[in-house]
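Encoded as structure tokens, the structure appears first; notes follow it.
All values below come from the heavy atoms of this structure, side chains included, with hydrogens, waters and symmetry mates left out. Below, chains carry the letters A, B, ... as their sequence lines are ordered, and counting in each starts from 1.
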Amino acid sequence: MSTETQTRRERSASTRRPWSRDRVETLILTWLRWIIIALILIVTLFPFYYMLILSVRPISSLLQNPGALWISATEFSIDTYTSVLQSPSDGGQGFLIFMRNSALVALGTVFVTLLLAIPGSYAISRLQFFGRNKISALFLAVYLFPSILLAIPLFVFFTRIGLRGELLGLLLVYVAQVVPVSIYMLRNYFETIPTSLEEAAAIDGASRFAIMRRISLPLAMPAIISNALYIFMIAWNEFLFALLFLVESRENWTVSLGLSQLAGSIEIPTTVLMAGSVILTLPIIIIFFAAERLLTEGLTAGAEKG
Amino acid sequence: MSMNSRKASEAPARRNASVPRTRQKISPMAKAEQRAGFTLISPTLIIVFVMIVLPILWTIMLAFQQIRLLNLRTAGIFGNYTVSNFTEVFSSPGFIEALVTTLIYSVAGTGLAILFGLIAALALRKPFRGRTFVRAATLIPYVAPIVAVTFVWTTMLNPQFGIINHWGTEYLGWDQAVPFLSERQREVTFLGLTFTVPTALLTVIAFEAWRSFPFAFLFLTARLQAVPASLDEAARVDGATPTQRFRHILLPQLLPTIAVLSVLRFIWTFNSFDDIYLLTGGGAGTEVVAVRVYNFLTARGDIGAASAQALVLAAILAVLVGVYLKFFAKKEEVG
């Protein structure tokens, strides 16, 4: 209410006194800013640093010195990685097989989702048809729906038709979950591309399919790539449905499920499982840093719509 | 969203087109466009319908049936419908407690995540050397696989060899290691006053804030970039101090984004299963409804009761969000 008079008073005060509120605040905030930046870096990166150093230490050295923040050359060993990757028959944990499963499901999900989402998003952004807005609303609702509610009937259904324990069943569930988000993101991008190019091609006699393939698809490539990476990350990280569907068939476990299942066991050293965490995290970090700009733009694409 | 109703409404349109002098004349091109639109969207619609809409409807039916995993094969679609699942759920010990826990967890988790996201966005607002790296690093907790980060947290907080407890006992003068994830509550003396705090619940809330503050950071950073610099400059010329400029210039600009973020984060935290299941397994006073549903489904095989609880969760969520959106939508119109 009285801010205006207050600020005016403040201003006249600042010209008189050297330690005005403005100067004090600016000084404090400048320092505070650097402290906060340092804190952000520590808080976000430390757990991953801790993961990395634990993954190259033998468990005995961790138990002897739990507070160590670096590794001496004598401690360093990558036995943890060979142990976690080897198949159980060779005395390992079989993460190589888990990685293959995760990669199969994630890449399959990306492929099928894009196959559905590219034409779907094109239709929603470019073509007038009955029920278009209702379909968009349905997709948004699906996106926000509790997945635990979905877990029950799918669990029951897949148990009944015998698809539980199969990677294919998991892939179908993932596709259904991400296709609405994918269409939403791609649609937002299509709407930023002017239609004039497509209209010009139509006048030149190109068919609708030819327009899609030759004009719209190349134009939307950046969005499609970032979308593919986003879907890959979701499918690679997913845990709940993998747990519900695959827990009884170890040969089909994904990396996430494998790590979570083995984490409870006492026989497997924590450092070996840390190596497993690094293996699980590394692909995501690589993708993220390679395509950070693309991804963050995709993530906030819906933000401005409010 | 039934497929039939759409086909039915398409048919008269086609008839109208052949007859002139009708209310809405649809050109052959528009008709072709309609058909193309349906063809392109229908595979998606079918998979969403089969894998999401039908299962949800089925959950509603399951919630009113006495079905267990054991008698699943013999139970039909038209079994005996009953509300006994709901009476059982509401009278069973722990359900109301789980609901309250879910609510505390989501409100505190959402609030802290947005607060930290806002602080981070403001701190990284002005450019400096290495800002791009700090920004990218900030997002890592959000994109990293949940199983890996919960495993690191449980290791860090481990009472025997976790680094937090090691430092705490070594340098901070803790009497003994704190079992952060398996202790229901503890007495904490602060400034001469003794409080009872729910240890495990606070730990999972802290995890949730750590995990999802990058999401808030990302949205708020995007919004901050869109705030016209002239506003800030004008206030500066008028002699507004930094905190005043934040309170009266920036905050009003950010409020709509904060509102959207609150809704989104609240919905996701309210439903979340992974974080708590992986950190505590729902023990030590951290059992949220989603974890409880999972336990009913797998450990007890009680499909009916699990469905009923999931439905209650969804209904409460729908009501809360509905009320909020209505309130929020009205405010938008005025503004």
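At least one side-chain heavy atom of Leu41(A) sits under 4.5 Å from a side-chain heavy atom of Phe133(B). Looking at heavy atoms from C-beta onward, Ile148(A) lies out of side-chain contact with Asn271(B) at the 4.5 angstrom threshold. Considering only heavy atoms from C-beta on, Pro47(A) stays 4.5 Å or farther from Val149(B) through its side chain. Contact annotation: the side chain of Ile40(A) never approaches that of Phe116(B) to less than 4.5 Å [non-hydrogen atoms, C-beta and beyond]. For the pair Thr298(B)/Leu244(A), a side-chain contact is recorded, criterion being any heavy-atom separation below 4.5 Å from C-beta on.
The minimum heavy-atom distance linking Leu278(B) with Ser260(A) is given by the pair CD2-CB, 3.7 Å. Taking every heavy atom of both residues into account, Pro55(B) and Pro153(A) meet most closely at O-CG, 3.2 Å. When all heavy atoms of Ile36(A) and Ala123(B) are compared, the pair lying nearest together is CG2-CB, 3.7 Å. When all heavy atoms of Arg33(A) and Lys126(B) are compared, the closest pair comes out as NH2-O, 3.1 Å. The heavy-atom pair separating Asp22(A) from Thr241(B) by the smallest distance is OD1-CA, 3.2 Å. The minimum heavy-atom distance between Val43(A) and Trp210(B), with the atom names listed, is O-NE1, 2.9 Å.
Your options are Pro180(A), Ala117(A), Pro119(A), and the one with the most heavy-atom pairs under 4.5 Å with chain B is Pro119(A). Contacts with chain B were tallied for Val24(A), Thr113(A), Ile152(A); Ile152(A) has the most, counting heavy-atom pairs under 4.5 Å. Here Met51(A) is the residue among Met212(A), Met51(A), Gln177(A) with the most heavy-atom pairs under 4.5 Å with chain B. No other option in Leu62(A), Ile37(A), Ile234(A) has as many heavy-atom pairs under 4.5 Å with chain B as Ile37(A). Taking Val278(A), Ile279(A), Leu150(A), Val179(A) one by one and counting their heavy-atom pairs under 4.5 Å with chain B, the maximum is reached by Leu150(A). Counting heavy-atom pairs closer than 4.5 Å to chain B, the top-ranked of the candidates Val255(A), Leu29(A), Leu115(A), Leu172(A) is Leu172(A). Interface summary for chain A: among Ala306(B), Ala290(B), Ala226(B), the most heavy-atom pairs under 4.5 angstrom belong to Ala290(B).
Of the two parts of Ile163(B), the backbone and the side chain both hold a non-hydrogen atom closer than 4.5 Å to a non-hydrogen atom of chain A. For Phe296(B), no part lies under 4.5 angstrom from a heavy atom of chain A. Of the atoms belonging to Leu54(B), not a single heavy atom falls under 4.5 Å from chain A. Of the atoms belonging to Leu240(A), heavy atoms from both backbone and side chain fall under 4.5 Å from chain B. Both the backbone and the side chain of Leu149(A) come within less than 4.5 Å of a heavy atom in chain B. Proximity to chain B is absent for every atom of Ile28(A), based on heavy atoms less than 4.5 angstrom apart. Contacts between Phe270(B) and chain A at a heavy-atom distance below 4.5 Å are absent for every atom of the residue. Proximity to chain A (any heavy atom under 4.5 Å) is shown, for Thr243(B), by both the backbone and the side chain. With a 4.5 Å cut-off on non-hydrogen atoms, Ile47(B) touches chain A through its backbone and its side chain both. Contact annotation for Leu313(B): only side-chain heavy atoms (C-beta onward) come within less than 4.5 Å of a heavy atom of chain A. Only the side chain of Phe158(A) comes within less than 4.5 Å of a heavy atom in chain B; its backbone stays farther off. When heavy atoms are compared at a cutoff of 4.5 Å, Phe213(B) approaches chain A solely by way of its side chain, counted from C-beta outward. In this structure, chain B has heavy atoms under 4.5 Å from both the backbone and the side chain of Leu280(A). Heavy-atom distances place no part of Ile118(A) under 4.5 Å from chain B, backbone and side chain included.
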**Prompt:** What's the verdict on side chain to side chain contact (heavy atoms under 4.5 Å, CB included) for Phe161(B) and Thr270(A), showing C-alpha distance, side-chain angles and the deciding distance?
**Reply:** CA-CA 10 Å; Phe161(B) 52 82; Thr270(A) 305; 3.4 Å; yes
**Message:** Run Ile140(B) and Thr44(A) through side chain to side chain contact (heavy atoms under 4.5 Å, CB included) and show every step you take.
**Reply:** CA-CA 7 Å; Ile140(B) 292 180; Thr44(A) 54; 5.7 Å; no
**Message:** For Ile41(B) and Ile183(A): C-alpha separation, side-chain torsions, deciding distance, then whether side chain to side chain contact (heavy atoms under 4.5 Å, CB included) applies.
**Reply:** CA-CA 10 Å; Ile41(B) 198 78; Ile183(A) 288 190; 4.2 Å; yes
**Message:** Set out, in order, the CA-CA distance, both residues' side-chain angles and the distance that settles side chain to side chain contact (heavy atoms under 4.5 Å, CB included) for Val147(B) and Leu257(A), then state yes or no.
**Reply:** CA-CA 8 Å; Val147(B) 179; Leu257(A) 182 60; over 6 Å; no
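Scanning for side chain to side chain contact (heavy atoms under 4.5 Å, CB included) contacts around Ala121(B) gives Phe217(B), Leu220(B), Thr221(B), Leu224(B), with sequence neighbours left out.
A parallel orientation is assigned to the rings of Phe273(B) and Phe239(A), their planes being inclined by less than 30° (bins at 30° and 60°).
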